[in-house]
Every structure is written in C-alpha cells, then in structure tokens.
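For reference, the structure is listed below as structure tokens.
Computed from heavy atoms alone, side chains included, the values below leave out hydrogens, waters and symmetry copies.
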Amino acid sequence: GTTKQSIDLMSQLDKGDRSSDDHRSLEFASCLPTVDQLLELSRHICLNWTRVGRHLKPEPVDETTISEIKSQHRRNSKEQALTMLEHWQCKHGVAATVDLLVEALVEADCKAQAQRVFGVETVLSIMKERHGRNERNHGRLIDEQELCLQAQKVGNNWKELARRLGVCSLAIEVIEIEVRDPRDRPWRMLYDWYSQRGSEVCLADVQRELQEIIREQT
C-alpha cells in the first residue's frame, strides 16, 4: 500500500512539474521575439523565408512586400529573411508574438528551425495548446449555413477580416471584380476561405477576429 501511494505521489508531482513547465513555456510564447531571436531565425530560414511569411498571422506578408524585399536585398537571402521578420514585427507590434511565429514556422515545414531558436519545450507547448484549441472547437466547425450567418455580421469589414484570416490580397481583388454586389462579398470571401482550409476552419477563428476588428473600431 505504501509503495503504491509513493508511486501515485511521484506521478502527481511529475504531472505538476510538467504542467508548470508547460505554463512557463506558454507564458514565454505570448511574449514578443527578441532582436537576437529574429536574427538567429533569419539564418535558419534563409531558403524558406517567403513560405514562412505567407503563413504568418495576424496577417501574412503580402506578395508586394515580398517582391520589394527581394529587390532591396538581391542575392542576400539572410537579409531578406530578417527584413521580412522585422516588417512583420513592426507592422503588428504587440500582436507579433512568439506563438504566432512558431505556428507559422511549423505550417511552413520549419519546425526544426523553430526548435533551434525557441527551444523544443516551447514549440511542443505551443503546438499542444493549438491542438487543444482545435479539439475544443471540433464540434463547432463551420458549415455553409453558419458561413451565411457570419457573413451577415461581417458587413463592410470583410476585407480586414479576410486579411486576418490569411486571405491573400490577390484573392480579395478577384472578389471585388467578380462580385458586383458589395453585400455578397463577405459571403464569397468566407466561402472561398472555407473551401481552401476545409477541416481546419473553426467558428472561433472567425468570431475572434471579427470581435477584434469591432473592438479596434470603438
């Protein structure tokens, strides 16, 4: 009996330590990346920086900016990568957090690079939290009826919402050209986004970004 109690106690303590480590990692994840971290990261993603930029949130680096960076720093991929990261951080300020950067790196198949710069534990904690978030939202994946309801709430904010959801500038321009009635553009944007992302689409993503836009306008 005593041995079993000791094992149970050690197990609880171990879980507590892991929980504490995860909490510290997630606290770090909500911080901003340092200058040294961006500099180190730029060396690791010099061959993949455009792919990383296109996966960044709250808004991906647009194609015009990517082209400008390439022109400004010809034949210097490390400088291109660093300039892209600095542009993202400068544009989004306190919203340009470590967790969003790590998620973009993982989506761009640069998980190993993320682990080198931010540490294995931090990356695992961020991905664990993301997985848990997706699991919690699993029952609220958007269907076309829900898309219609959300489109009605979006109204004139549809372009800003599109950018925050990762819709590229070219896709936004296509919608403006093809959809003549402005009232139908929010629906078309959400439908295209839904079609591309499929099972990754969660109601909470749309609601969170829309609430943030409304909050910034008040």
Give, for atom [atom1] of [X] and atom [atom2] of [Y], the distance between the pair rounded to the nearest 0.5 Å.
{"X": "N48", "Y": "S77", "atom1": "CG", "atom2": "OG", "answer": "10.0 Å"}
{"X": "N76", "Y": "C46", "atom1": "CG", "atom2": "SG", "answer": "9.5 Å"}
{"X": "R116", "Y": "C110", "atom1": "CZ", "atom2": "SG", "answer": "9.5 Å"}
{"X": "Q89", "Y": "L38", "atom1": "CD", "atom2": "CG", "answer": "5.0 Å"}
{"X": "D62", "Y": "R163", "atom1": "CG", "atom2": "CZ", "answer": "9.5 Å"}
{"X": "Q37", "Y": "C31", "atom1": "CD", "atom2": "SG", "answer": "9.5 Å"}

So, for [X] and [Y], which heavy atoms are closest and what is the spacing to 0.1 Å?
{"X": "G155", "Y": "P186", "result": "O-CG, 3.5 Å"}
{"X": "P60", "Y": "G166", "result": "CD-CA, 3.7 Å"}
{"X": "Q80", "Y": "R75", "result": "NE2-N, 4.3 Å"}

Self-check item: D192 vs I175 side-chain heavy atoms within contact, under 4.5 Å
Solution: yes
Quiz item: Mind checking what makes side chain to side chain contact (heavy atoms under 4.5 Å, CB included) contact with H87, not counting sequence neighbours?
Solution: V61, T65, K91
Self-check item: Hphob cluster co-occupancy, L105 + L47, side-chain heavy atoms under 4.5 angstrom
Solution: no
Self-check item: Derivation and outcome, side chain to side chain contact (heavy atoms under 4.5 Å, CB included), residues L41 and L101
Solution: CA-CA 10 Å; L41 183 59; L101 181 52; 3.8 Å; yes
Check whether any side-chain N or O of [X] sits under 3.5 Å from a backbone N or O of [Y] as a donor-acceptor pair, and report yes or no.
{"X": "W88", "Y": "K57", "value": "yes"}
{"X": "S42", "Y": "L39", "value": "yes"}
{"X": "E209", "Y": "L161", "value": "no"}
{"X": "W193", "Y": "L165", "value": "yes"}
{"X": "R185", "Y": "V179", "value": "yes"}

Self-check item: Residue pair Q115, T122: steps toward the side chain to side chain contact (heavy atoms under 4.5 Å, CB included) verdict
Solution: CA-CA 8 Å; Q115 291 176 334; T122 296; over 6 Å; no
Quiz item: Pairs in or reaching into residues 45-55: which pass salt bridge (Lys or Arg N to Asp or Glu O under 4.0 Å), with residues at least two apart or in two chains?
Solution: R54-E63
Practice problem: Can you spot which of I45, V106, V52 makes a side-chain contact (heavy atoms from CB on, under 4.5 Å) with Q113? | Solution: I45
Self-check item: Given L190, V167, I172, the one that forms side-chain contact (heavy atoms from CB on, under 4.5 Å) with W158
Solution: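 Among L190, V167, I172, the one that satisfies the side-chain contact (heavy atoms from CB on, under 4.5 Å) with W158 is I172.
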Quiz item: Does the pair E59 and R164 meet the rule for a side chain to side chain contact (heavy atoms under 4.5 Å, CB included), with working shown?
Solution: CA-CA 5 Å; E59 179 183 333; R164 292 176 184 238; 5.7 Å; no
Practice problem: Walk me through it: do D99 and T97 pass the test side-chain hydrogen bond (donor to acceptor under 3.5 Å, both in side chains)? | Solution: CA-CA 6 Å; D99 57 339; T97 54; 2.3 Å; yes
Practice problem: Test W49 against T83 for side chain to side chain contact (heavy atoms under 4.5 Å, CB included), laying out the working first. | Solution: CA-CA 10 Å; W49 70 270; T83 302; over 6 Å; no
Quiz prompt | Residue pairs, two or more places apart or on separate chains, that pass side chain to side chain donor-acceptor pair (under 3.5 Å) and touch residues 170-183 | solution =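 Those involving residues 170-183 are K159-E176, E178-R188, D181-R183.
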